[in-house]
Amino acid sequence: MAHVPDYRLARERMVKTQLAPRGINDPRVLEVMGKVPRDRFIEEALSGEAYNDHPLPIGHKQTISQPYIVALMTEALELTGEEKVLEIGTGSGYQTAILADLSRKVFTVERVRDLMVQARNILADLGYNNVMFKAFDGTFGWQEYEPYDAIMVTAGAPKIPQPLLDQLADGGRLIIPVGDRFSQELIKVTKKKGDIIQKNFGGCRFVDLVGVHGWKD
Ligand code: SAH
């Protein structure tokens, strides 16, 4: 039988050295980051690097985000377990799994159909049954199931797509990298009685959000 490496220790080390010391302190986020098998979301040849402190390629010129960025964006959404969450940019499905563990239901949209299908298979394999997938331009959001208590965009946008602001529930939180094509700032938006409150979580670098309300192809 092939040797299946046990990455439990690598995950614990990741939480202890990359997340907690940099200020991630929501215990639910730390617990889930220590549990979800990140190695399963990348190709086997790279799985030894799964818990390293950097992003990794996932094909189609896309990347799985650095663990710290995944944790930072997740923490910003302040999930309690009851939320309906919209995710734009499924990619590998790793972030999707983290969100699914921390909320009631996740609606995730990916423009590259192959990536969506691959992510759907891995999440089914891991036993997730609270995720809905769609292959489409996520800059339109997913109108059918709005409003969302939390929205996460994991690709860099020139500005916040209006449909996403429209589909955010009152009291809802949205996190999105906004900037030019080379660097962005992580912006958290909170909607309160129609008002939009913005907070900057610092610099980051993501692949392009490509779509009608994003970058042109
Ligand atoms: N959260 C992912 C990161 C994926 S990288 C992970 O954990 O692996 C960003 C993803 O956004 C890519 O897969 C890219 O194809 C997707 N994307 C870019 N523009 C998009 C759009 N308009 N709608 C949906 N997905 C988009």
Side-chain angles (χ1 to χ4, degrees), residues 11 14 19 29 32-33 36-43 46-47 49-77 85-103 106-123 126 128 131-145 148 150-165 167 174-179 181 184 186 204-217:
R11 272 195 293 279
M14 173 187 84
L19 309 184
V29 173
V32 167
M33 294 291 298
V36 175
R38 184 171 161 92
D39 53 284
R40 293 285 303 275
F41 293 85
I42 54 188
E43 62 176 290
L46 292 176
S47 56
E49 292 183 54
Y51 299 96
N52 292 358
D53 196 13
H54 52 72
L56 287 166
I58 55 170
H60 300 272
K61 295 193 211 134
Q62 307 302 330
T63 55
I64 178 173
S65 304
Q66 176 192 12
Y68 170 66
I69 293 291
V70 171
L72 181 68
M73 293 179 80
T74 305
E75 187 171 66
L77 293 182
V85 179
L86 175 66
E87 180 194 33
I88 307 303
T90 316
S92 68
Y94 173 66
Q95 173 77 72
T96 318
I98 301 280
L99 294 172
D101 274 327
L102 293 169
S103 67
V106 178
F107 297 83
T108 186
V109 186
E110 169 57 56
R111 71 185 279 271
V112 180
R113 174 169 290 275
D114 283 358
L115 287 175
M116 182 278 267
V117 170
Q118 218 175 323
R120 192 172 58 191
N121 288 338
I122 296 166
L123 282 157
L126 292 172
Y128 287 91
V131 182
M132 299 259 287
F133 296 84
K134 180 169 165 170
F136 199 65
D137 174 4
T139 66
F140 289 108
W142 192 340
Q143 205 177 1
E144 204 178 341
Y145 298 101
Y148 300 95
I151 300 179
M152 182 185 291
V153 182
T154 60
K159 60 177 177 20
I160 305 174
Q162 187 60 41
L164 301 183
L165 289 172
Q167 292 172 28
L174 179 159
I175 185 99
I176 179 171
V178 180
R181 294 183 108 143
Q184 303 90 32
L186 269 181
C204 55
R205 184 167 186 179
F206 278 82
V207 298
D208 289 353
L209 181 73
V210 177
V212 168
H213 300 277
W215 296 105
K216 304 297 162 242
D217 212 348

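All ligand and atom numbering here is 1-based and tracks the order in the structure. Everything numeric here is computed off the predicted structure, so don't read it as measured data. Numbering starts at 1 and runs along the sequence shown.
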Residue pair L123 / A97: nearest heavy atoms and the distance that separates them: CD2-CB, 3.5 Å

Donor-acceptor check, side chain of Q184 to backbone of I176, threshold 3.5 angstrom: yes or no? no

Using a 4.0 Å cutoff against the non-hydrogen atoms of Q95, which atoms of ligand 1 qualify? 1 (N), 7 (O)

Per-atom contacts of ligand 1 with V112, taking only distances under 4.0 Å to non-hydrogen atoms: 15 (O)

Verify side chain to side chain contact (heavy atoms under 4.5 Å, CB included) between T90 and L115, making sure each step is shown before the conclusion. CA-CA 8 Å; T90 316; L115 287 175; over 6 Å; no

Atom 18 (C) of ligand 1: nearest protein contact (heavy atom, Å): D208 O, 3.4 Å

Does ligand 1 have a heavy atom under 4.0 Å from the side chain of T90, from its backbone, from both, or from neither? backbone

Closest protein heavy atom (residue, atom, distance) for atom 19 (N) of ligand 1: V210 N, 3.0 Å

Would you please determine whether V70 falls within less than 4.0 Å of ligand 1 on a heavy-atom basis? no

T139 heavy atoms within 4.0 Å reach ligand 1 at atoms 22 (N)

Is it the case that over 12 heavy atoms from other parts of the model lie below 6.0 angstrom from the NZ atom of K216? yes

Report, in ascending order of atom number, the atoms of ligand 1 lying under 4.0 Å from any heavy atom of L115. 13 (O)

Audit row: Y68, L19, side chain to side chain contact (heavy atoms under 4.5 Å, CB included) steps and yes/no: CA-CA 6 Å; Y68 170 66; L19 309 184; 4.1 Å; yes

Can you tell which of G89, A157, G138 gets a heavy atom nearest to atom 23 (N) of ligand 1? G138

Among all protein heavy atoms in this structure, tell me which lies nearest to atom 6 (C) of ligand 1, with the distance rounded to 0.1 Å. S92 OG, 3.4 Å

Is D137 reaching over with its side chain to a backbone N or O of T139, donor-acceptor style, under 3.5 angstrom? yes

Looking only at side chains, do Q95 and T74 share a donor and an acceptor under 3.5 Å apart? yes

Tell me the nearest of T154, I64, L99, I88 to atom 1 (N) of ligand 1, using heavy-atom distances. T154

Run the numbers for me: atoms of ligand 1, each under 4.0 Å from some heavy atom of V207, listed by number. 5 (S), 9 (C)

4.0 Å heavy-atom contact, F206 with ligand 1: no

If you have a sec, work out which protein heavy atom is nearest atom 15 (O) of ligand 1 and how many Å separate them, to one decimal? E110 OE2, 2.6 Å

Report yes or no: does E110 contribute a side-chain atom to a donor-acceptor pair with the main-chain N or O of M116 at less than 3.5 Å? no

Within a reach of under 6.0 Å around CZ of R181, are more than 12 heavy atoms found that belong to other residues, nucleotides or ligands? yes

Starting from atom 4 (C) of ligand 1, find the nearest protein heavy-atom neighbour and note its residue, name and distance. T63 O, 3.2 Å

Logged contact type for Q62 with ligand 1, heavy-atom cut-off 4.0 Å, is side chain

For atom 25 (N) of ligand 1, the protein heavy atom that lies nearest, with its residue and separation: R111 N, 3.2 Å

Could you list which atoms of ligand 1 come closer than 4.0 Å to a heavy atom of F136? 23 (N), 24 (C)

Taking atom types as modelled, is there a side-chain donor on R38 or Y51 under 3.5 Å from an acceptor on the other? no

Can W142 and Y148 be said to form a side chain to side chain contact (heavy atoms under 4.5 Å, CB included), step by step? CA-CA 10 Å; W142 192 340; Y148 300 95; 3.4 Å; yes

